[in-house]
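Reckoned from all heavy atoms, side chains included, excluding hydrogens, waters and symmetry mates. All figures in this text were calculated on a predicted structure; none of them were measured in a lab. Each chain gets a letter, A, B and so on, in the order its sequence line appears, and its residues count up from 1.
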Amino acid sequence: MSTLSPARRTPIDNRRALLLFLGYVVLVAFALIYLYPFFIQVATSFKTDPDAVRNPLSLSPDPFTGRSFQRLATSDFPLWFLNSVVVTVCVTVGRVFLDSLAGYALARIKFRGRQAIFTAVLAVMAVPGVILLIPKFLVLKQLQIYDTYPALIVPLLVDAAGVFIMKQFFENIPVSVEEAARIDGAGTFRIFWSVVLPMARPAVITLTILSFQGSWNELPHFIVASQDPALYTLTKGVATLTSGQLGSGNQFPLTMAAALVMTIPVALVFVIFQRYFVTGANAGAEKG
Amino acid sequence: MTPDGRTATGSVLATSSVSSAPTTGRGGPGPRRTGTGRRRLGESTNLSGWLFVAPTLVVLGLFLLVPILMALWVSVSDWTGKGNPFSGDTGFVGLDNYKVLFTEDALTRQDFMTSLRNNFYFVLLVVPAQTVLALFLAVVLNQSLLKARGFFRSAFYFPSVTSSVAISLTFLFLFTGSGAVNSLLGFVGIDGPNWFSDARGLIHIVGDKLGVWSIDSPPAALTDSGVLSLSWWDWLSGPSVALCVIIMLVVWTTTGTFMLMFLAALQDVPQDVVEASRIDGANRWNTFRAVTLPHLRPTMLLVITLGLIGTWQVFDQVFVMTTGGPSKTTSTPAYLQYFYAFEGQEWGVAAAMAFVLFLIIFVLTGLQRFLFRDKDAIAEKRAVRARNRRRRKALAAEGGEVR
């Protein structure tokens with residue numbers, strides 16, 4: 001586009017200005033569609049019930065009140081939050097570690113049966129998650145861990161997609177690094193843990209973010225893995241808000257406050273995640 | 001739904017065939033080792049390899065393979081949820097549970113067929129809408145003259161990463177009778193429906209408005225006969241108003257992810273070809289159709305496949321927003337199997353539903369892949385090469401720190 005001759009500039013410039021304008025109109029319109037619901041969520045959580053019903057579009061609570069959050073604080077909500085934190089931390093740490101181990105083995109260790117395992121993990125990835133609800137319940141009952149923390153955590157500890165992300169990354173780390181360490185007499189696990197894994201930081205961070213986001217937002221698994229209210233996670237507890245515990249009906253500020261609190265951690269990670277990847281890519285470009 | 005997890009799966013699936021190549025000739029012993037040394041090292045390599053993958057294999061086996069086999073047994077058993085399904089008290093009933101779904105004219109078949117109908121209309125609207133919208137937004141975001149594209153990209157992507165539960169609650173509020181959406185519609189003089197209690201089908205409504213039929217006294221020719229426990233009138237309903245809310249929600253949340261995939265593919269379109277086409281006098285639209293679109297074919301395949309897989313699994317939104325109502329018009333097979341098992345204690349039938357759903361997803365994605373591949377094998381090959389290139393580039397960017 002920059003190679004256009006000066007003679008043709010004027011009409012092209014006009015058209016280009018029009019297209020630019022249309023482009024911004026589209027972007028702004030869609031940004032509103034994509035973000036306004038979140039603004040309403042934030043604003044409504046600080047409204048009173050009648051205000052929320054009367055002015056559903058307004059972004060300024062009148063009167064401004066923190067009552068919804070107080071009510072959440074005195075309900076089971078803090079317990080759900082704590083459960084979600086425990087489950088998310090365990091799942092994330094476990095997933096990153098186990099996926100890295102398996103990914104490294106599949107990428108670098110030439111052991112008998114590797115190809116078969118590779119194929120099996122590929123097949124596993126094709127199984128749609130939602131059809132596993134009944135199967136998971138059956139096995140948790142059979143193992144007699146239904147209604148326990150392990151039931152919430154252990155089945156989520158490995159995801160085949162994570163194994164692949166790690167495998168692909170490890171395959172692109174130069175072998176020479178490992179060979180140097182092997183000559184120095186380091187064992188396989190030591191090479192993996194202190195040499196290769198630190199080099200895989202970008203992939204580890206990606207996987208950490210995916211695991212955190214996935215387990216924090218997970219709902220169906222928690223529905224089938226327990227029924228004890230003491231084991232409710234945020235998603236399960238809040239999902240029952242519409243029909244349940246804290247009463248229902250038109251208490252929209254309450255549900256919006258709950259939705260807001262469960263959105264915030266992911267939103268924070270999202271912001272950090274974006275920045276990381278921008279700077280990471282830039283740093284790589286400078287070094288490379 | 002966890003659109004993101006699926007995204008990862010999808011993009012990995014698309015490229016997995018690519019990067020296994022560099023591993024060959026790795027990890028083995030050096031050339032100077034003797035026979036015994038090699039065997040000893042081989043054994044220890046085998047051991048550590050298996051130790052490394054053991055936890056993954058145990059978890060996947062225990063919570064994926066074994067449970068599927070268990071459910072397969074339950075789907076051919078008469079287990080009612082009491083006691084142990086694997087004890088002698090539970091009997092083998094052959095394909096009876098599957099027959100209930102397809103051959104017995106009773107409530108269960110009606111429920112199942114209704115859920116299949118609902119999900120069919122859901123897929124029919126969501127998959128094209130999310131694909132087209134994602135492509136459109138990606139094309140706009142790819143215009144290098146626009147400023148703040150990073151911000152807009154994040155804005156469009158944000159709904160994809162947030163909790164389906166939180167978003168469902170927010171949409172419950174937005175679409176409530178006196179909610180934000182109806183207020184907006186009120187500004188332009190439209191009296192919005194009572195979204196979540198409106199079971200009227202979209203096709204029924206449109207036909208009524210066009211004067212084809214009256215929704216209150218539907219044509220007897222359609223209501224008096226039918227197939228598989230539903231009248232033709234019911235089959236032709238289209239998605240209900242309530243289901244339309246879930247359709248909008250899902251399009252809204254999934255577009256961002258697919259947009260990122262299209263954006264990555266667009267950045268790989270050879271700019272010299274685009275410019276050559278423009279200089280040759282082709283306008284923007286023709287250039288897009290002749291140059292850009294063919295290049296996006298593999299991404300399109302990926303997006304549509306992921307869309308098909310995802311849309312047959314709608315569960316969270318139904319669970320939180322409607323629990324299948326009104327009049328079962330938002331019930332989906334994924335929700336129905338949960339409902340029949342955990343609420344109705346009809347485990348055999350529910351497990352059978354799960355396997356039918358599995359089959360549907362499996363067949364649809366297979367069919368879809370086949371259709372796309374068959375049409376233009378050369379484009380496919382070119383696409384694989386492009387995918388390789390893109391993957392290498394992405395890895396170079398990710399692994400930049402390493403180098």
Inset, instruction - May I ask you to check whether A:Phe38 and B:Trp252 place their ring centres under 6.0 Å from each other? - result: yes

Inset, instruction - Check whether more than 12 heavy atoms from other residues, nucleotides or ligands sit under 6.0 Å from atom CZ of B:Phe362, and answer yes or no. - result: no

Legend entry - Heavy-atom closest contact (A:Ile134 atom, B:Ala351 atom, distance): CD1-N, 3.8 Å

Legend entry - Side-chain donor/acceptor of A:Tyr24 to backbone N/O of B:Lys147, under 3.5 Å: yes

Inset, instruction - Specify the closest pair of heavy atoms between A:Lys136 and B:Pro67, including all atoms of both residues, with the distance to one decimal. - result: N-CB, 4.1 Å

Legend entry - Whether B:Phe156 and A:Phe30 hold their rings parallel, tilted or perpendicular, with breakpoints at 30° and 60°: perpendicular

Inset, instruction - Mind telling me whether A:Phe270 and B:Tyr157 have parallel, tilted or perpendicular rings, with 30° and 60° as the class edges? - result: tilted

Inset, instruction - Against chain B, label A:Leu156 side chain, backbone, both or neither, depending on which of its atoms sit under 4.5 Å from a heavy atom there. - result: neither

Inset, instruction - Taking all non-hydrogen atoms of both residues into account, name the closest pair between B:Phe173 and A:Met256 and its distance. - result: CB-CE, 4.0 Å

Inset, instruction - Output the distance between atom OG (B:Ser183) and atom CZ (A:Arg54), rounded to the nearest 0.5 Å. - result: 12.5 Å

Inset, instruction - Take the angle between the ring planes of B:Trp347 and A:Phe137 and call it parallel below 30°, perpendicular above 60°, tilted in between. - result: parallel

Inset, instruction - Under 4.5 Å heavy-atom distance to chain B, tell me which part of A:Ser211 shows up: side chain, backbone, both or neither. - result: neither

Legend entry - Region of A:Leu132 that comes under 4.5 Å of a non-hydrogen atom in chain B: side chain

Inset, instruction - For the pair B:Gln313 (side chain) and A:Val130 (backbone), establish whether a donor and an acceptor sit closer than 3.5 Å, ignoring hydrogens and angles. - result: yes

Inset, instruction - Please state whether the side chain, the backbone, both or neither of A:Val177 comes within less than 4.5 Å of a heavy atom of chain B. - result: neither

Legend entry - Atom group of A:Gln227 that falls short of 4.5 Å from chain B, counting heavy atoms: neither

Inset, instruction - Check whether A:Leu133 gets within reach of chain B through its side chain, its backbone, both or neither, counting any heavy atom under 4.5 Å. - result: both

Inset, instruction - Counting only heavy atoms closer than 4.5 Å, note whether B:Val58 contacts chain A via side chain, backbone, both or neither. - result: neither

Inset, instruction - Indicate the atoms forming the closest heavy-atom contact of B:Val165 with A:Ala239, along with that distance. - result: CG1-N, 3.9 Å

Inset, instruction - For residues A:Phe192 and B:Phe52, establish whether the separation of their ring centroids is below 6.0 Å. - result: yes

Legend entry - Verdict with reasoning, A:Thr235 to B:Ser163, per side chain to side chain contact (heavy atoms under 4.5 Å, CB included): CA-CA 8 Å; A:Thr235 46; B:Ser163 147; 4.2 Å; yes

Inset, instruction - Determine the minimum heavy-atom distance between B:Leu174 and A:Pro37, stating which atoms define it. - result: CD1-CB, 3.8 Å

Legend entry - Engaged part of B:Trp79 at the chain A interface, taking heavy atoms whose separation is under 4.5 Å: side chain

Inset, instruction - Specify the closest pair of heavy atoms between A:Ala259 and B:Thr170, including all atoms of both residues, with the distance to one decimal. - result: CB-OG1, 4.3 Å

Legend entry - B:Trp50 side-chain N/O to A:Arg112 backbone N/O, donor-acceptor pair under 3.5 Å: yes

Legend entry - Any donor-acceptor N/O pair, A:Asn217 side chain to B:Val161 backbone, under 3.5 Å: yes

Inset, instruction - Examine whether an atom of A:Leu140 lies under 4.5 Å from a heavy atom of chain B, and if so say whether it belongs to the side chain, the backbone or both; otherwise answer neither. - result: side chain

